[in-house]
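It should be emphasised that the depicted structure is a prediction, and the values quoted were computed from it without experimental measurement.
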Amino acid sequence: MPRRHLHGVVLLDKPLGLSSNDALQKVKWLLRAEKAGHTGTLDPLATGLLPLCFGAATKFSQVSLDADKRYTATVQLGQTTATGDAEGEVLRTRELTSEMTAPERLRAACEAFTGEIEQIPPMHSALKHQGRALYEYAREGIEIERAPRRVTIHGIDILRVQGAVLEIDVRCSKGTYIRTLAQDIGEHLGCGAHLIGLRRTGSGGVGLQGAVTLEALQAMTESERDAHLLPADVLLSDWPEVRLSADDAARFLTGLRRRVTLGDAPQVRVYGPASAPAPADHHVLLGSAHIRGGELIPTRLLSPLEVQGMLDQATPPDHPI
């Protein structure tokens with residue numbers, strides 16, 4: 001089928017058992033998109049939010065990759081496994097007492113891992129060592145020494161406790177291993193634990209609201225699928241915005257710095273006015289930048305063709321630009 005030059009983001013509610021790349025390829029095929037990329041892997045055993053970028057939006061995929069994440073994690077207390085999740089062989093079963101699952105004890109265990117902490121990446125992970133994923137070594141029975149990594153757990157809330165199953169809401173920095181967190185909480189309680197369910201509910205400024213399942217996309221017409229293509233700047237929605245005049249926008253797109261009367265900012269999204277016959281108040285994304293010493297300094301720029309492509313895509317057929 002002929003491919004299309006599409007620009008934007010699809011918030012996919014990834015199904016269980018599918019890799020991030022497999023999910024991306026399926027949606028890319030359904031949309032007949034020319035260029036696509038995802039915003040960081042979500043384990044096949046996990047479900048939930050996976051922003052998929054198309055066309056110009058792929059330039060901002062790193063933003064979502066670097067963003068804080070939010071998960072709902074379901075933890076089985078009393079058992080440790082070889083992989084830290086439900087797929088691994090059970091290594092040890094320990095008695096789970098009512099004292100261990102007392103509300104104050106569970107809260108203390110969660111608070112012990114809140115803030116900046118160190119995690120040792122699990123062997124059953126996609127982290128590379130000498131060009132090979134750690135899980136490949138693990139399958140061969142080889143243990144690789146891993147250096148601890150510093151991550152930040154912004155908060156852990158207990159959602160539900162039912163018997164030996166604990167459900168928690170985790171807000172964390174990128175690179176956090178939720179399986180490792182589940183194991184650590186279990187060891188802190190003295191009973192051990194492993195992860196039996198994981199659902200990503202947020203990434204940066206976007207959440208599951210408006211996310212669409214692969215099954216739903218497959219059942220739609222092409223025009224209905226296109227309606228789920230959000231603007232490229234949805235990944236930058238929690239950044240301050242800067243609007244430039246037509247002259248400054250043209251110069252900014254060439255990579256030139258512009259003077260602004262704004263305070264320093266590490267990251268901003270930059271817009272310019274759309275050309276007629278678009279409404280006078282309509283602005284189009286030009287790229288990202290940072291502000292230092294009164295200068296707007298480009299970080300990631302869209303090409304004029306990408307800017308025009310987004311304008312064409314957003315304009316109804318009877319009002320072409």
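With no hydrogens or angles considered, a side-chain donor-acceptor pair links Ser64 and Ser203 at under 3.5 Å. The closest side-chain donor-acceptor pair between Ser288 and Arg269, if any, does not fall under 3.5 angstrom. Side-chain contact annotation: Asp247 with Ser245, donor-acceptor N/O pair under 3.5 Å absent.
In this structure the side chain of Leu198 never reaches within 4.5 angstrom of the side chain of Thr74, judged on heavy atoms. Residues Arg149 and Pro121 form a side-chain contact, since some pair of their non-hydrogen atoms from C-beta on lies under 4.5 Å apart. In this structure the side chain of Leu235 reaches within 4.5 angstrom of the side chain of Cys53, judged on heavy atoms. When side chains are defined from C-beta on, His7 does not count as touching Phe54, because their heavy atoms never get closer than 4.5 Å. Taking 4.5 Å as the limit, every side-chain heavy atom of Lys69 sits out of range of all side-chain heavy atoms of Val170. Side-chain contact between Leu296 and Phe252: present, with at least one pair of heavy atoms (C-beta onward) separated by less than 4.5 Å. For the pair Leu286/Leu302, no side-chain contact is recorded, criterion being any heavy-atom separation below 4.5 Å from C-beta on. Between Leu45 and Asp85, the closest side-chain pair of non-hydrogen atoms falls below 4.5 Å.
The side chain to side chain donor-acceptor pair (under 3.5 Å) analysis of residues 213-222, with sequence neighbours excluded, yields the pairs Arg32-Glu222, Thr221-Ser223, Thr221-Glu224. Judged as a side chain to side chain donor-acceptor pair (under 3.5 Å), the pairs with a partner in residues 150-163 (not counting sequence neighbours) are, in order, Asp68-His154, Glu116-Arg150, Glu118-Arg150, Asp157-Arg171, Arg160-Gln162.
In this structure, the side chain of Arg200 does not engage the main chain of Thr47 through any donor-acceptor pair within 3.5 Å. Between the Arg225 side chain and the Leu31 main chain, no donor and acceptor come within less than 3.5 Å of each other. The backbone N or O of Val90 sits nowhere less than 3.5 Å from a side-chain atom of Thr81 that would complete a donor-acceptor pair. When atom types are taken as modelled, the side chain of His38 and the backbone of Pro51 share no donor-acceptor pair closer than 3.5 angstrom. Thr114 places a side-chain N or O within 3.5 Å of a backbone atom of Cys110 that can act as its donor or acceptor partner.
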Review point. Passes salt bridge (charged side-chain N to carboxylate O under 4.0 Å, His left out), Glu87 versus Arg179? Steps please.
Key: CA-CA 12 Å; Glu87 280 202 326; Arg179 278 183 298 167; over 6 Å; no

Practice item. Check the pair Asp233 / Tyr271 against side chain to side chain donor-acceptor pair (under 3.5 Å), numbers first and verdict last. Key: CA-CA 10 Å; Asp233 58 355; Tyr271 297 84; 2.5 Å; yes

Exercise for review: Could you check Lys14 against Asp43 for salt bridge (charged side-chain N to carboxylate O under 4.0 Å, His left out), going step by step and ending with a plain yes or no?
Suggested key: CA-CA 10 Å; Lys14 189 189 82 66; Asp43 195 278; over 6 Å; no

Check your understanding: Which is it for Glu295 and Arg258 under the salt bridge (charged side-chain N to carboxylate O under 4.0 Å, His left out) test, yes or no, and what are the steps along the way?
Key -> CA-CA 6 Å; Glu295 282 193 319; Arg258 311 312 302 149; over 6 Å; no

Exercise for review: Determine, stepwise, if the pair Arg4 / Asp226 fulfils salt bridge (charged side-chain N to carboxylate O under 4.0 Å, His left out).
Suggested key: CA-CA 11 Å; Arg4 300 184 295 163; Asp226 289 350; 2.9 Å; yes

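When all heavy atoms of Leu12 and Leu214 are compared, the closest pair comes out as CD1-N, 3.8 Å. Residues Val9 and Ala57 come closest through the heavy atom pair CG2-CB, 3.8 Å.
Note on Ile158 and Ile153: same hydrophobic cluster, where clusters join Ile, Leu, Val, Met, Phe, Trp and Tyr whose side-chain heavy atoms are under 4.5 Å apart, directly or indirectly. A continuous path of Ile, Leu, Val, Met, Phe, Trp and Tyr side chains, each step under 4.5 Å between heavy atoms, connects Phe113 with Leu189, placing both in one hydrophobic cluster. Each of Val151 and Ile120 belongs to its own hydrophobic cluster when Ile, Leu, Val, Met, Phe, Trp and Tyr are linked at side-chain heavy-atom distances under 4.5 angstrom. One hydrophobic cluster, built from ILVMFWY side chains closer than 4.5 Å, holds both Tyr177 and Ile144. Taken together through direct or relayed side-chain contacts under 4.5 Å among Ile, Leu, Val, Met, Phe, Trp and Tyr, Ile185 and Val165 form parts of separate hydrophobic clusters.
A cation-pi arrangement, defined by a distance under 6.0 Å to the six-membered ring centre and an angle within 45 degrees of its axis, is present between Arg132 and Tyr137.
Remark: Glu167 pairs with no residue by the side chain to side chain donor-acceptor pair (under 3.5 Å) rule, at least two apart or across chains.
By the 4.0 Å N-to-carboxylate-O rule, Lys59 lies close enough to Glu306 to be salt-bridged with it. Between Arg292 and Asp264 there is no salt bridge, since no side-chain N of the basic residue sits under 4.0 Å from a carboxylate O of the acidic one.
Atom-to-atom distance recorded for Leu195:CG and Tyr71:OH is 11.0 Å, nearest 0.5 angstrom.
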